[in-house]
Amino acid sequence: MNKITININGQAQQLAPQTSVTDLLTTLGHAEQGMALAVNQSIISRSEWPDHYLQQGDEVSLFQAIAGG
Amino acid sequence: MMLSNAETLRYSRHLLLSNVGETGQLKLKQAKVLIMGMGGLGAPASMYLAAAGVGQLVLADFDELDVSNLQRQISYDASQVGQHKVDAAKARLTGLNNEIRIRGIKKKMDAKQLAMEVSMADLVLDCTDNLASRHLISQVCCQAKTPLIVGAGIRLEGQLMMFDFSQPDSACYHCLFPSTQEQTLNCSNSGVLGPIVGTIGSLQALEAIKYLVGLPSGIKNQLKLFDGLTLNWQSFSISRDPACPVCSVHE
Ligand SMILES: [Zn+2]
């Protein structure tokens, strides 16, 4: 099966085609709580995670809410 | 309305700026800004806004000054430890600029009181230190259509964003961080370098002044991440989540 390559926080990662954002987070074993995710500098809304499929060359940024002040 | 002679002298460096000038200074004088949280972000933000001549500042914080706050909350003095932060801040800011009005709120506000305060403000700065307050403030500002500038800092990282709720297309804090589950990362347990919150709080003040004088924001519907190790910034656009229960229900 073909693989696609994306970047997650600057690290290359191979994925199966038709991998959604939700699938990716499951694969990475990330807890979804408090995380935000952007693809190519656009935040992907939580409600769109299951239907947003990652594409070859996507730059994925994953980060946590910071509460401190 | 005109500026007094004393104000003309005090704000002369604003008057030299073509994008502030006397018109902008008068807008600042007529503005009312609510600052939620008077810690590492609120301290520098309030000082810059007081210095800039924002006519009315409302400072909200229910904490008393602790000696461990002095490492980053630079408007306070060691002699003020034990005082309510809003009282200590009011003394400091009045000493800086007695031409403006400053009011402190030192009890924890419920949603109703907060809504009243927000509806009376032209702009709100979120300088708080916990996720529950951040969600509540964004929700209340969204309902009141009052613009909100959000800052946060931890360790060597900062976050900055603005939601202009006076515009119909604005996203909200909940669109970005929908989980209300309290995170474990805060200044008390993770630590923070003072200049991180100093940088973000100063930029909240910058964006506030720009908004009040009518200059376009560099962060509207954007999230800026600051990396204090490399000094690099990352920018992300935030779109309104059509499924957001906070900003997409009361259309
Ligand atoms: Zn929203």
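Note that the structure is predicted; figures quoted are calculated from it, not measured. Throughout, protein chains are lettered first and strands after them, A, B, ... in sequence-line order, and every chain is numbered starting at 1. Side-chain atoms are counted along with the backbone in the values below, which use heavy atoms only and exclude waters and symmetry mates.
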#### Entry: Electrostatic pair B/R103-B/E117, nearest N-O below 4.0 angstrom
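Yes, this pair counts.
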#### Entry: Test: B/R240 and B/D169 ion pair at under 4.0 Å
no
### Separation of B/M162 CE from B/Y211 OH (nearest 0.5 Å)
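Reported to 0.5 Å precision, the distance equals 6.0 Å.
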### Task
Name, in order of residue number, those residues of residues 37-46 of chain B that have a heavy atom at a distance of less than 4.5 Å from a heavy atom in chain A; otherwise write 'none'.
B/G39, B/G40, B/L41
### Query
Between B/S237 and B/Q222, does any side-chain donor sit less than 3.5 Å from a side-chain acceptor?
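B/Q222 and B/S237 do not have a side-chain donor-acceptor pair below 3.5 Å.
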### Query
Would B/D241 and A/S47 count as having a side-chain donor-acceptor pair, cut-off 3.5 Å?
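Side-chain D/A pair, B/D241 to A/S47: present.
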### Message
For chain A, which candidate among B/P178, B/C127, B/C244, B/S239 shows the most heavy-atom pairs at distances under 4.5 Å?
### Response
B/P178
#### Entry: Among the listed options B/I196, B/T128, B/D126, B/I238, the residue most often paired with chain A at heavy-atom distances under 4.5 Å
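Heavy-atom pairs under 4.5 Å are most numerous for B/T128.
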Validation: residues 10-18 of chain A side-chain donor-acceptor distances under 3.5 Å, sequence neighbours left out:
unit_1, atom_1, unit_2, atom_2, d
A/Q14, NE2, A/T5, OG1, 3.4

### Results of side-chain contact (heavy atoms from CB on, under 4.5 Å) for B/T146 - residues two or more places apart only
B/V118, B/V124, B/A144
### Query
Quick one: what part of B/I200 sits under 4.5 Å from any heavy atom of chain A, side chain, backbone, both or neither?
neither
#### Entry: Region of B/E157 in contact with chain A, defined by heavy-atom distances below 4.5 Å
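Backbone plus side chain of B/E157, per the 4.5 Å heavy-atom cut-off to chain A.
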### Task
Could you pull out all residues at least two apart from B/F226 that satisfy ring-ring contact (aromatic ring centres under 6.0 Å, His included)?
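Once residues adjacent in sequence are excluded, the partners of B/F226 under the ring-ring contact (aromatic ring centres under 6.0 Å, His included) criterion are B/W233.
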